[in-house]
Amino acid sequence: MKLLLALLVGGLFAAGIYLIVRRSIVKLIMGLILLSHGANLLIFASGGLVRAQAPLVEAGSLAPEPPHADPVPQALILTAIVIGFGVVAFMMVLVSRAYMAVGTDDTEEFTGTDH
Amino acid sequence: MTLLIAVLSGFVLAPMAPVVHRALGRHAGWAIALLPASLAALFLALASRGGGAVAESHAWMPGLGADLDLRLDGLSLLMATLIAGIGAAIFVYAGGYLAGHRHLGRIYAYLLMFMASMLGVVLADNLIVLFVFWELTSISSYLLIGFEHADAKARKSALQALLVTGLGGLAILAGALMLGSAAGDMRISNLSLHRETIREHALYAPIVLLLVFGAFTKSAQFPFHFWLPSAMAAPTPVSAYLHSSTMVKAGIYLLARLTPALGESELWNGLLTWFGAATMLVGAWLAFRQTVLKLILAYSTVSALGTIVMALGVGTTYAVEAAIVFLLAHAFYKGALFMVAGAIDHETGEKDVTALGELRRSMPLLAGASALAALSMAGVPPMVGFIAKELAIKSLLPDTDLGREGYALAAMFVASAALGVAVALRVGFAPFFGATRETKREAHEPGLSLLLGPGVLALLGLGAAVAPGALATPLVEPAASAALGAQAHPHVALWHGWNLALALSAAAVVLGVVLFRAQWAIVGAGGAASRALDAIGPSRVYEHVLAAVLGIADAQTRALQSGSLRRYAFITFGVIVLAVAATFALRTPLERLPDFGDARPYEIGLVFLILIGAWFTAVARNRLAAIAGLGLVGYGIAIIFVLFGAPDLALTQVCIETLAVVLLVLVFYMLPDFRTFSTRAQKARDLLVALAGGAAMAGLVLVVADHRPDMTVSDFYATNSLPRAYGRNVVNVILVDFRALDTLGEIVVLVVAAVGVYALMKLDPTTREGAPTPAGKGGEG
C-alpha cells in the first residue's frame, strides 16, 4: 500500500513541479495546487495508513477503538487544505490583475508595468 | 541603584533632547549639560566617600550569567569623570557650534546616547554588559559621524568606523565569552582572582588576541588607525568628544581593565608594546604631514593612543602610572585643541593651518586657551602634559626594570614626542601668530559657549600640574592602582630632579622646535615616499576588502535573485532533491524492494485515475481540459481520505475542490488561453527536474510511512477528547478546542486573503487615476 501512495505523491509532485517551471502564470497556479495535494498526502502517510478507522469515539466508550487513524496529521492537513485554498484564491485574483497590468501571462516578461 | 540611574539617565533623556531643544532654543545646550555635569559631580562624590569601589548588581539575564553588574572603582572613576565632565563642556560647545542647525536637537540626542553607552562601558562589571555597551558606543558613533547624512563622505566614513569597530566588537564578544568560560566567572572584578587559571588555560592565547584586536580597532591602533581620521567628517563637537577624549579611549580602558587578569605574559606585553610603539611613531609622522587642523589633531590622537598602549604594554608600575597620567593629560589638551580648531573654523571658515595667522589679535581668549593646551601637548612645564611625558620616558629607561629594548622604545618615544612638539606648535600657536592672513570670514572672538570648553580644559591641564593634589592625584592614583591590581603611588609633580628623563624631555622640545621651523621642507622631501606607502596602506586594504565583499554579494545576488521565477523554482527544487537524495544515500539503506502488498484493486485503480488527472493537467493544451484534470485529482484524493479513516478531510476536500474549480473557471475566463512558450529541449529538461523531484518525494513517503512516530501527542488527544473536551470527533476537537488558538490564526490568514482578494478586485490598474506606481505593481507581480 505504501508503495502505491509513494507513487501517487511522487506523481503529484512531478506534475506540480513540471507545471511550476512553465512560463505561463496560469500553469504556475495549477502546479501549486498539485504540489499542495502531494504535500497533504505526504503528511497523511506519515501518520501511518489505517483502513476505515476514523478517530471517532463510539457511543458508550471513552476513547476511539484502536487501531484508529492518527488524528494529529489529519488536523494538520485539514488546516493545510483550507489555508492552501486561501493562498490559491488570492493568487488567482492577483494573477488576473497582474495580467491586466503587465499585459502578458509569460512570467519571463514580468519585469515591470511600464512597457 | 545610583550607578544604574547614572548610566540610564542619558538614554532616558536622549529622546527628549529634541523637545528640550525646541523649547529652550539656543540655551538647550546649557540645560542639557546639567545632566553630565551633575553626573561628574556624583562620581566624584561617590569616590570621595572612601571605602573602596562602589558596586551594585541587578538581575538581567541570570540564565546566561549576565547580570547588570556595575562597579565604580579607581579606573572607572577616572574614565567616568572624564566622560561626564568633558561631556558637559561638549553640550555647551555643540549648542554654540551648531547654533541654528536644523538637526541640533538630534545631535544632542545622539551625544546623550553615546555618553550613556560610554558610561556603561566603563562602569560595567560583567563581560556581557561591557560588550553590549561597547556595541552601543559603536552604533552611536556611527550616527554621530554620519550626522551630516546628506554628505556622501560622511556616510562613507561612518560606515567605515562602524565596520572597523564593529569587527572589533565581534572579537570582543568572542574573547569575552572565552575569557568568561576560562575563568568560570563573568564578573570582571573577579577575573584577577582567577589569573593563574586563565594563564594556564589552553584558550589564553586566543583570548588575548581577540580582546587585544577589539581594543586596537576601537583605540585606532596601527594598522586599524585609518578610520579615525576619516571620522573627522563628524561635526567638531563630536570629534572633540568621541574621537579624542572618550570613545577612542575605550580600547585603552579595556586593556587597562584586563591587565590584572591577562597581563604580564610575553604575548600580552609584546603585542601592546610594539603595536603601541608603531602606532605612536606612524601617527606622529602622519600628523606632521597634514595641514588640515582636524586631521592633524586626529593623527596626533592616534599617536597619543599608541603611546598609552605602549606604556600599558611595558607594564611596569611606573609605565602603567605614566599611561594613566598620559590619558588624563591627553583628554584635557586634545579636547581643548579640537574645540579650538572648531571655533577657528566656525569664526573664520578656514580649516587649513596654512591659511591662518595672527588670529590672537581678533580672538585673544581663544588664543590663550589654545596656547595653554598646545604647551601641554608639547610637554612643556608647567603643564600636566610635561609630567606625563616625564613619567613615560622614565618608565622606558633601563634604570627601572626594563631591559635593553627600553632604549629602542625611548628613542621612538623621543622621536614621536619631537614630532608632537612640532605639531602642537603648528595647531596651537601658528594660527594665532605670524603674518596676518586673509580668511573667508572676518575673524572675531567666538561666544562664551565656544570659549568655555577649551578654556576650562586648558586650565585644567595647568591646574592638574600646578596643584596635583586637588584633582590629578585623587583621580590618577586609584586608577593606576586598579590597572596594576596593586597600590600605586604615581608621583604627579612637576619637578623630579635633574635626570636623564628631563634631559630627553628637553631634547624633544628643542628638536620639535627645529622640526617645526623646517616642517614643510621635511614634508616635501619625505612626502613622496610617504605617499607611495599610502598606496599599500591599511585604508587601501580596507577599500579592497570592502570592494571584494560587495563584489561577492553582487555576484551572488545576481545569480540567486535573478528575477526569473523559473530560476527560483529550479534552485528551490534542486536543493530539495539534492538534500533528500543525499540523506537517502547516507542514512537509509533500502533493505528490500517495496511491493504493492495489501493494496486492493480498487485502490490501485483510484491512484491510477488521480495520476492520469495530474498528467492531463500537466500536458493540457487548453484551460478547461486542465481544470478538469485538476478536479479529477482533487475529488480522487477526497476518496483516498475516505478510504483511510479521514472523513473530515474528505468533506473539506470536496467542498474546497468544488470552490476552487468554480473560481478557476471564473478567473481563467479573463486570462488568455495556453500558448506554447518552451521548446522541446526545455520541456525535456523540465521534465527531468520534475521527475527527480517526484522521485525524491516518493522516496520520502516510503521512509515516513515505515517510521512510527511518537504517539504520545496523538494518544493524549484521543483519550482526552471526550472526557475533557466533550467531543467525539477527535480531529474536530483538536482544531476547535485543544488547538483553538491555531485555528483562530488560520481564520485570520483566510480573512487577510479575503481582504486581499477584495482589494485586488476593486483595484483596476488600467483605468484608475492615481493607481499604484509601476514599481509597486511590479513588486506584486
Tell me whether B:Arg566 forms a cation-pi arrangement with B:Tyr568, defined as NZ or CZ under 6.0 Å from the six-membered ring centre and within 45 degrees of its axis.
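Here B:Arg566 fails the 6.0 Å and 45° test against B:Tyr568.
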Are B:Lys683 and A:Arg22 close enough, and set up right, to give a side chain to side chain contact (heavy atoms under 4.5 Å, CB included), and what steps lead you there?
CA-CA 9 Å; B:Lys683 282 182 180 170; A:Arg22 305 264 57 77; 3.8 Å; yes
Less than 4.5 Å to any heavy atom of chain A: does that hold for the side chain of [X], its backbone, both, or neither?
X        : result
B:Leu666 : neither
B:Leu664 : both
B:Leu649 : both
B:Leu687 : both
B:Ile656 : both
B:Ile637 : side chain
B:Val749 : side chain

Is there side-chain contact between B:Leu606 and B:Leu643, with heavy atoms separated by less than 4.5 Å?
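They are in contact (side-chain heavy atoms under 4.5 Å apart), so the answer is yes.
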Pick from [options]: which one has the most heavy-atom pairs with chain A under 4.5 Å?
options                                : value
B:Ile747, B:Thr743, B:Val633           : B:Val633
B:Arg739, B:Arg567, B:Arg623, B:Gln653 : B:Gln653
B:Asp648, B:Leu722, B:Asn732           : B:Leu722
B:Asp742, B:Leu691, B:Thr617           : B:Thr617
B:Ala692, B:Ala646, B:Ala569, B:Ala753 : B:Ala646
B:Ala620, B:Gly699, B:Gly756           : B:Gly756

Which region of [X], side chain (C-beta onward) or backbone (N, CA, C, O), has a non-hydrogen atom less than 4.5 Å from a non-hydrogen atom of chain B, or is it both or neither?
X       : result
A:Ile43 : neither
A:Val88 : neither
A:Ile33 : side chain
A:Tyr18 : both

Top contributor to chain B interface from [options] [non-hydrogen pairs under 4.5 Å]:
options                            : result
A:Ala63, A:Ser24, A:Pro55          : A:Pro55
A:Gly11, A:Ala15, A:Ala75          : A:Ala75
A:Pro64, A:Gly16, A:Ala14          : A:Ala14
A:Ala59, A:Gly38, A:Ala39, A:Gly31 : A:Ala59
A:Val9, A:Ile17, A:Leu19           : A:Ile17
A:Val21, A:Val87, A:Leu12, A:Val95 : A:Val21

So, B:Thr658 and B:Tyr635: side-chain donor and acceptor under 3.5 Å apart, yes or no?
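Present: a donor and an acceptor within the cut-off.
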Donor-acceptor under 3.5 Å ([X] side chain, [Y] main chain):
X        : Y        : result
A:Ser96  : A:Val93  : yes
A:Arg97  : B:Leu760 : yes
B:Ser721 : B:Gly727 : yes
B:Glu657 : B:Gly636 : no

Name the orientation class of the two ring planes belonging to B:Tyr717 and B:Phe738 (parallel below 30°, tilted from 30 to 60°, perpendicular beyond 60°).
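Judged by the thresholds at 30° and 60°, the geometry between B:Tyr717 and B:Phe738 is tilted.
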Atom CZ of B:Arg724 with >12 non-hydrogen neighbours under 6.0 angstrom:
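For B:Arg724, atom CZ is not crowded (no more than 12 foreign heavy atoms under 6.0 Å).
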